[in-house]
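I have placed the structure first, in the form of structure tokens, so that the comments after it can refer back to it.
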2 protein chains.
Amino acid sequence: MTMSNTGGRRKPPTIHDVAREAGVSRGTVSRVLNGGHYVSPTAQEAVNAAIRRTGYVVNRHARSLITGRSDSIGFLLTEPQERFFEDPNFNVLLSGCTQALAAHDIPLLLMLAGTRDERRRITRYITAGHVDGVLLVSSHSGDPVAEELREAGVPLVQCGKPMGLGAKVSYVAADDRDGARDMVRHLLSLGRRRIGMVSGPLDTPGGVDRLAGYKEVLTEAGVEIDERLVVSGDYSRASGEAGTERLLARAPDMDALFVASDLMAQGALTALRRAGRRVPEDVSVGGFDDSSAATEATPALTTVRQPYDRISAEMVRLLLAQIGGEDPAAVILPTELVKREST
Amino acid sequence: MTMSNTGGRRKPPTIHDVAREAGVSRGTVSRVLNGGHYVSPTAQEAVNAAIRRTGYVVNRHARSLITGRSDSIGFLLTEPQERFFEDPNFNVLLSGCTQALAAHDIPLLLMLAGTRDERRRITRYITAGHVDGVLLVSSHSGDPVAEELREAGVPLVQCGKPMGLGAKVSYVAADDRDGARDMVRHLLSLGRRRIGMVSGPLDTPGGVDRLAGYKEVLTEAGVEIDERLVVSGDYSRASGEAGTERLLARAPDMDALFVASDLMAQGALTALRRAGRRVPEDVSVGGFDDSSAATEATPALTTVRQPYDRISAEMVRLLLAQIGGEDPAAVILPTELVKREST
DNA sequence: TTCTCTACTGTGAACGCTCACAGAAGCATG
DNA sequence: CATGCTTCTGTGAGCGTTCACAGTAGAGAA
């Protein structure tokens, strides 16, 4: 027979209390709360004072009930959650989005949908209107969740270029191809010619574009493209390690290695060390992302910086615009080559 | 003049629609939705069928408005956000809590309160009743946010033992002292006698307990405690590196090192490598946490495993119990020594 | 039969807010 | 002096639920 809840929260003041306190009507308080148009300065001030005195905070549920908006947005990750654990990029993105939204006083709901069941549950939750929009992180292509949400008309911004269907979907991405070009040019400038690549998954635009940049620069420079020097991974550390082992077996004369993510590059360093290759003396290694994995690695990784702070800010901006009725849009942000010890 | 929203979401069915479809009243549908007590099997079935046909999903705002519950809970991090970026433990905890709550169909709101302003904003948000309870991660002691929330009567569960005021607050923690004892015994068993320690911050119980365990075992074993062998850090990689340098300067004959977090241990490895000490030949190194930082490190770290999956599950369990009216409780979970290459 | 009890069902009110509307006041224009 | 326009204010309705209460039907007991 548990009595009152610990601490006993008492009833918070309502808009009615504020109105009485300020000597105005509910309508006036509501108007002040929503931008203050058509409110006299006198009333404006009286209401603000009353709000301060009473400690009033708007009840978002009551508001949402009538506006139909929830004033909250979801951060959806449709990846197996090990990747979330492992990849420092997600942290940065998540925290960046949380902060960008906090500036608009919008809470962020974290949604992890690794399994089929979770995906179904979460899709239903979203399409029921419990969030006004979704920030989607999914390196996978042809993500069924993205498709469903788009069909349901849910405002959506993806991180990274989505596969297929072009203009209809908002996304923010770094310039993968250009970043890859910079890195390969850098490796060439060091005199390396047998440059290997561990690419990302080739069913994702990011994976494809980085590989394309690599091939483009080599061709330009008159270096023959050797398919034995190219393998693909899934951005995990383990796949970087395995891929590098395969490369070493197929092309022992490899003198440089461009790895499509820092995490995979960490794996590559492990494989190279085990094979007795010195980095950067025997093999120069370049990563991609400039995540914390790059500085943690020994030696510290030369890498292509993706501007995650700007990416998250842009994702939020685009999503809010879309919720406000604007059309979907795409933003491509420039990358930057960061030189460290591994090249 | 933007016309209808992209895709055009149409109005979702209400409980009324379901009632009409099922040929019963709103009340009956509501009862089915909330556990199905006092509902005939016939009605039960009719309602469920109607729900399926209409695709009805309960409007949480309307429900919250009347129940006073929000059916959502907050994950609050009152740390500077760099720590969130860097420390893999947070990921694991966050993702574990999200999943544990998903099983109860409760969304999790991510709240990052690194600065004073953010803390104020978020405290107001929470005390206004926008979440039913809070999972708090704060290694800092005497956290003002924790204090305020407790005073406001907000159900709260902390990760890690809080400083001071004992029984009144719920928390879940690993057995720090016991874990430290295991590690130091292990180092002693390797024949090491000059065992250094980089402890955590000494204004946190976790930091204090791990140090206590260290001293306890040494004393038991008849090894004299040398204060030159002890420094403290703040769990960041950088502080582990700096601390280890200090130790090496003060006690060059150190033959083992117990570091109170894996992240700091990574820093320690860097410092040792720079000083030309081989690990584990010259110096055995032990970490704490068994985060992904432990396996990433070279050599892979021997460490004390904190059962983060169980910690997050227990935090959620305790919080839900507390929201249900139960008293705050504490849970201490056992740790486990994980031997790898560094010892 | 009549009463009581249990199992079930329907209904109005309320939660706290916003929105549409009506109306008041002030000022310029015809 | 009426008319219109603009700026401001108050009021009732209603958003989609749950909750308390009243009411019905059927079973069993007196």
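A note on names: the letters A, B, ... follow the listed sequences, proteins ahead of strands, and every chain is numbered from 1.
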statement: Sequence neighbours excluded, the answer for salt bridge (charged side-chain N to carboxylate O under 4.0 Å, His left out) partners of B/Arg310 is none
query: Roughly how many Å is it from CZ in A/Arg20 to P in D/dG10, rounded to a whole number?
result: 15 Å
- prompt: For A/Thr123, which residues count as a side chain to side chain donor-acceptor pair (under 3.5 Å) partner, sequence neighbours excluded?
  reply: none
statement: Its 5'-most and 3'-most nucleotides having an atom under 4.0 Å from a non-hydrogen atom of chain A, DNA chain C is contacted over C/dG16 to C/dT18
field: Divergence of helical axes at both termini of the helix from C/dT1-D/dA30 to C/dG30-D/dC1 - five pairs an end, 10° steps
entry: 60°
message: Applying salt bridge (charged side-chain N to carboxylate O under 4.0 Å, His left out), can you list everything that pairs with A/Arg20, at least two apart in sequence or on another chain?
response: A/Asp17
message: Which residues in residues 24-52 of chain A have a heavy atom closer than 4.0 Å to any atom of DNA chain C?
response: A/Arg26, A/Ser30, A/Asn34
query: Is there any ring pair (Phe, Tyr, Trp, His ring centres under 6.0 Å) pair reaching into residues 48-72 of chain B, and which pairs are they, with sequence neighbours excluded?
result: A/His61-B/His61
field: Partners passing salt bridge (charged side-chain N to carboxylate O under 4.0 Å, His left out) against A/Arg124 (at least two apart in sequence or in another chain)
entry: none
- request: Can you run down the side chain to side chain donor-acceptor pair (under 3.5 Å) pairs that involve residues 62-75 of chain A, sequence neighbours left out, and say none if there aren't any?
  value: A/Arg69-A/Asp71, A/Ser70-A/Ser72, A/Ser70-A/Asp132
- request: Please list residues of residues 55-73 of chain A whose heavy atoms come under 4.0 Å from any atom in DNA chain D, ordered by number; otherwise none.
  value: A/Leu65, A/Ile66
field: Qualifying residues under side chain to side chain donor-acceptor pair (under 3.5 Å), relative to A/Asp309, sequence neighbours excluded
entry: none
- prompt: Does any donor atom in the side chain of B/Glu21 or B/Thr54 lie under 3.5 Å from an acceptor atom in the other side chain?
  reply: no
query: Taking only residues two or more places apart in sequence, or in another chain, which ones meet A/Gln99 in a side chain to side chain donor-acceptor pair (under 3.5 Å)?
result: B/Gln81, B/Glu118
